S.K.: 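Quick one: structure below, then a few questions.
Every number for a ligand or one of its atoms is a count from 1 in the order of the listing. Numbering starts at 1 and runs along the sequence shown. No experiment lies behind these values; they were computed from the predicted model shown.
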Amino acid sequence: MLTLPLQSPDDFEGWRAGAKQALAQGLSSADVLFQVDGGEDDLFGEPPAATPSTPTVATTTPTVPKAFIDLARNVVCHSDSERFALLYRLLLRLQSERSLMAQPSDPDVWRASRLAKEIRRDAHKMKAFVRFRKTGETVEFGTGSTREQFVAWFEPTHNIVRHTSGFFMRRFTGMDWSILTPRGCAHWDGKALTFSPAVDKSQAPADDALEDYWRTYYASIFNPARLKTQAMQSEMPKKYWKNLPEAALIPDLIKSARERENMMVESEPTAPNPALMRNREMPVPTDGFIHELPPQAPLNDLGSLNDMLKNCRACPLWQPATQTVCGAGTQRASIMLVGEQPGDNEDLQGQAFIGPAGKILEAAFEEVGIDRADTWLTNAVKHFKFEPRGKRRIHQNPSVGEIDHCSWWLQRELALVQPRVVVALGASAVRGLTGKTHKLGDLRGNATPLASLMKKGRELPLELSGLGGNGANDTGVQLVATYHPSYILRVPNEQARADARTALLDGLRLAKELAA
Ligand code: URA
């Protein structure tokens, strides 16, 4: 029996080195024992000193599909005591059964996939339910900049702290944090990620002002009309509640949900402001669109553009809408963001992104460190398109024709703002900006020069095209396309929702970097 030492219960590199060595010696899984130094609980204890009797590492490198390596990286984090043996058995079998990973019903593949899935789920819960509490603040010597310190307590089911800490490092780069868990702790100081042994809950800080923030945020995004208690509890299992400040609100929110839902139905839609309904005696268009857009008069500022936009009657959407919802923000913003069209709340209040999608966007801004006031935030279509159903107004997607017609305004906004980056929130925004239909999936994740995506014949102003820009290598305004925040509200699947949110954050982060 060959005993192979592992430095910690999630020691993937240790397992890989040991497995290679056992494989080179032709050992079966029954002849190999992977043993965690210090036992399964010794997560981030001191690494063992190398002993002279440590067997030599094999020279041959077994080949395995990448899918196996990806799977194994997850599986080693599981608390199942059989995980290392299972992975070694799979490794052995892969040497002669090359397509083994493509057989999901094989008992070993099935079991390993199940363990990996449980790790993904545990990691997802950690990403969703870690709640930091502020513990202090330091002023950095030399720069004078302030760094805030935060600590969170979390209880993962498996050994996922190291595995998941990269996510927190990328998301909370600007603050110092520690995540304390009974399965080891992770720490970030702005320079390096470090790990330390497990602690117990008594070492985690209790209440602070952030608790109120979480409670307010949760109460504001809680939509009683969408309440499905069972689904909610499967997404936010009760075992996490004790460490979530907002969880204390849940019983009351559920109790009052039916009542609030009825109130929402009763009060929707709010009657349009009569003052805004004046001046509406325009002829009703018979051909769908009135082709009377303002002349291309010199428009030197966004204020006068918006004044003109408020009276836009260029397509039929103005008529049932309460008012035009204009773009807002900073005139020469380096980031311009484009949504699809105003929703019900935006139509009633005359301001873009103030309803549920706006809340998601605000939270994403906050997470990424973008100040909404420093951007220009607008929509591809400036009027709310809806279908009345009883007392409610149900959002309708704008047609390609409506988006194209309304892009007259968007192009002028672009020319006046002259951003470095324009973020398209969803496919309608991409269409409005380029005049062409592009697949969001082809653009997501990268920045693309807007000029390269434009419909033939549609011109970008010189200074945005890269031709009259700030240098020989200037490629002009960059387009970053990502999901629309309301897509995140709509996707029913928990994992897909988390992925979409991550994609939105990544898009905003990329835009911020490019704009800097
Ligand atoms: N969705 C959008 O695209 N824009 C808004 O202003 C609100 C919701």
S.K.: Can you confirm whether the side chains of Ser304 and Asp301 place a donor and an acceptor under 3.5 Å from each other?
M.R.: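 Ser304 vs Asp301: donor-acceptor pair found between side chains.
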
S.K.: Please tabulate, one line per pair, the protein N or O atoms found under 3.5 Å from any N or O atom of ligand 1, giving the distance to one decimal.
M.R.:
from: ligand 1; atom 1: 1 (N); to: Gln341; atom 2: O; distance (Å): 3.3
from: ligand 1; atom 1: 1 (N); to: His484; atom 2: NE2; distance (Å): 3.3
from: ligand 1; atom 1: 3 (O); to: Glu340; atom 2: N; distance (Å): 2.7
from: ligand 1; atom 1: 3 (O); to: Gln341; atom 2: N; distance (Å): 3.3
from: ligand 1; atom 1: 3 (O); to: Gln341; atom 2: O; distance (Å): 3.3
from: ligand 1; atom 1: 3 (O); to: Asn379; atom 2: OD1; distance (Å): 3.2
from: ligand 1; atom 1: 3 (O); to: His484; atom 2: NE2; distance (Å): 2.6
from: ligand 1; atom 1: 4 (N); to: Gln341; atom 2: O; distance (Å): 3.0
from: ligand 1; atom 1: 4 (N); to: Asn379; atom 2: OD1; distance (Å): 2.7
from: ligand 1; atom 1: 4 (N); to: Asn379; atom 2: ND2; distance (Å): 3.4
from: ligand 1; atom 1: 6 (O); to: Phe353; atom 2: N; distance (Å): 2.8
from: ligand 1; atom 1: 6 (O); to: Asn379; atom 2: ND2; distance (Å): 3.1

S.K.: Is the backbone N or O of Cys326 less than 3.5 Å from a side-chain atom of Asn379, with the two atoms forming a donor-acceptor pair by type?
M.R.: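 Flag not set: sc Asn379 to bb Cys326 has no pair under 3.5 Å.
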
S.K.: Run the ring-centre check on Phe132 versus Phe172 and record whether the distance is less than 6.0 Å.
M.R.: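 Yes, the ring centres sit under 6.0 Å apart.
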
S.K.: Could you check Ile335 against Ile370 for side chain to side chain contact (heavy atoms under 4.5 Å, CB included), going step by step and ending with a plain yes or no?
M.R.: CA-CA 9 Å; Ile335 304 178; Ile370 293 178; 4.1 Å; yes

S.K.: Any pair with a residue in residues 506-516 that passes salt bridge (charged side-chain N to carboxylate O under 4.0 Å, His left out), sequence neighbours left out, goes on the list, sorted by first then second residue, please.
M.R.: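 Salt bridge (charged side-chain N to carboxylate O under 4.0 Å, His left out) check on residues 506-516 returns Asp506-Arg509.
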
S.K.: Atom CG of Leu414 and atom CH2 of Trp409: how far apart are they, to the nearest 0.5 Å?
M.R.: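 Reported value, rounded in 0.5 Å steps: 15.0 Å.
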
